[in-house]
Protein chains: 2
Amino acid sequence: MPRAAKTDTKGLLDKFDSFLQRKSLKLTAQRRRIVEQILGMEKTHFGADDLLDQFRDERPRVSKATIYRALGVLVEAGILEQHDFGESHRLFELSEGRDHHDHLMCTRCGTIIEFHSEEMEALQDKVAARLGFHPTHHSQKIFGICKDCWKQGKR
Amino acid sequence: MPRAAKTDTKGLLDKFDSFLQRKSLKLTAQRRRIVEQILGMEKTHFGADDLLDQFRDERPRVSKATIYRALGVLVEAGILEQHDFGESHRLFELSEGRDHHDHLMCTRCGTIIEFHSEEMEALQDKVAARLGFHPTHHSQKIFGICKDCWKQGKR
DNA sequence: GTTCGTGCAAAAACTTTGCATTATC
DNA sequence: GATAATGCAAAGTTTTTGCACGAAC
């Protein structure tokens, strides 16, 4: 299901706009359309190419350059988070209204499962502090076989 | 300090060679030189470009294509591990004879600090188990500002 | 009206590939 | 001698950039 139902488009655009105003940037038609596309998308983790595909048949088209530039601004605005799953391209994910979470990825079927553990967050801060490091964010991925795949062919 | 002192070049080449033989691949002069360069390198995390630099002035030269191809084989052989730090290029690291560890990366100067926490490992297994997930490996990166950069310009 | 954003195509950065030649087993 | 590896340059990917034109504030 698309996420438009779960997430309030207007609220998100407002948040984006207030960020833009604070930075003396402009809310353009393209930026608005990009946000709408992201909210309407099936995938929770998408790349620049996914957006590009969606704009391919629509007009007015939104160009590649604009998409890349907008994704950067959306990350700065805290609306998107950027991920690296070891693929050759970057993936993004809506952070709006969600708690921070990390990921388990099934190496057999590619499913991504999200999890959150306060205990883990605390431990990470502790490790960083011990090394005099001032953490801004982190990325944790656990790779393995998910429940379903394990049931199907347990070897 | 280079790591040649810490790591046994001959042992590593033997391991590599036995992998190659098992796969009916060949131990060429270039592959041998690449392994030696990696052992002699200062950096613990390096990219294809780092190796390329080292071969730039030496002859016979080892070509870009050969380096990329060799890195792939070395990962398959379990001699190198591949990482993704959200940069535009892949980094590699010797896995030989080292305990598993995770990484902190300074987003200002790019320094990578390693850490290991048993507590963290245990917690990850616990989280995975709770979700019926059978973990094979994981990757954890904490991003932030390192001690030195923090001292220099603390804003 | 100023400043910022867009589209386009060109460039950049990194990696892969095709192919004739050479080395290893 | 068969098979795999190399070097080179060319092509692929994904992302970034320069610049003239257009849109937002």
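Chain letters run A, B, ... following the sequence lines, proteins first and then strands; every chain starts at 1.
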Nucleotide [N], atom [atom2] - distance to [atom1] of [X] in whole Å:
{"X": "Arg22(A)", "N": "dC4(C)", "atom1": "CZ", "atom2": "P", "result": "17 Å"}
{"X": "Phe46(B)", "N": "dT15(C)", "atom1": "CZ", "atom2": "P", "result": "12 Å"}
{"X": "Leu52(A)", "N": "dT15(D)", "atom1": "CG", "atom2": "P", "result": "11 Å"}
{"X": "Leu51(A)", "N": "dG7(C)", "atom1": "CG", "atom2": "P", "result": "13 Å"}
{"X": "Ile67(B)", "N": "dC14(C)", "atom1": "CD1", "atom2": "P", "result": "14 Å"}
{"X": "Lys23(B)", "N": "dC25(C)", "atom1": "NZ", "atom2": "C1'", "result": "18 Å"}
{"X": "Arg33(A)", "N": "dT6(C)", "atom1": "CZ", "atom2": "C1'", "result": "13 Å"}
{"X": "Phe16(B)", "N": "dT24(C)", "atom1": "CZ", "atom2": "P", "result": "14 Å"}

Q.
Return whichever of Tyr68(B) or Leu25(B) has its heavy-atom-nearest nucleotide of DNA chain C closer to the 5' end.
A. Tyr68(B)
(Q) Nearest heavy atom decides the nucleotide; on that basis, is Lys64(A) or Arg32(B) closer to the 5' end of DNA chain C? (A)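 Its nearest nucleotide lies further toward 5', so the answer is Lys64(A).
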Does any N or O in the side chain of [X] come within less than 3.5 Å of the main-chain N or O of [Y], such that one atom is a donor and the other an acceptor?
{"X": "Asp53(B)", "Y": "Asp50(B)", "value": "no"}
{"X": "Arg31(A)", "Y": "Ala70(A)", "value": "no"}
{"X": "Ser139(B)", "Y": "Lys141(A)", "value": "no"}

Q | Position toward the 5' end of DNA chain D (nearest nucleotide), Gln30(B) or Lys26(B) | A |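 Comparing both residues, the 5'-ward one is Lys26(B).
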Q. Of Ser24(B) and Ala65(B), whose nearest nucleotide on DNA chain D comes first from the 5' end?
A. Ser24(B)
Q: Determine: side-chain N/O of Ser63(A) to OP1/OP2 of dC8(C), distance under 4.0 Å, yes or no.
A: no
Q.
If you compare every side-chain N and O of Thr28(B) against the phosphate oxygens of dA5(D) (OP1, OP2), does one of them come in below 4.0 Å?
A.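 So the side chain of Thr28(B) is outside the cut-off, no N or O lying under 4.0 Å from OP1 or OP2 of dA5(D).
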(Q) Please pick, from dC25(D), dT14(D), dT15(C), the nucleotide with the shortest atom-to-atom distance to any side-chain atom of His89(B). (A)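 The answer is dT15(C), which lies nearest to the side chain.
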**Q.** Arg90(A) side chain, from C-beta outward: closest of dT6(C), dT16(D), dT6(D)
**A.**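 For the Arg90(A) side chain, the nearest candidate turns out to be dT16(D).
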Q: Please work out whether the ring planes of His103(B) and His101(B) are parallel, tilted or perpendicular, with thresholds of 30° and 60°.
A: perpendicular
Q: Check whether more than 12 heavy atoms from other residues, nucleotides or ligands sit under 6.0 Å from atom CD of Glu36(A), and answer yes or no.
A: yes
Q: For Arg31(A), report the nucleic acid contact type (base, sugar-phosphate, nothing); a contact means any heavy atom under 4.0 Å.
A: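 Result for Arg31(A) = sugar-phosphate.
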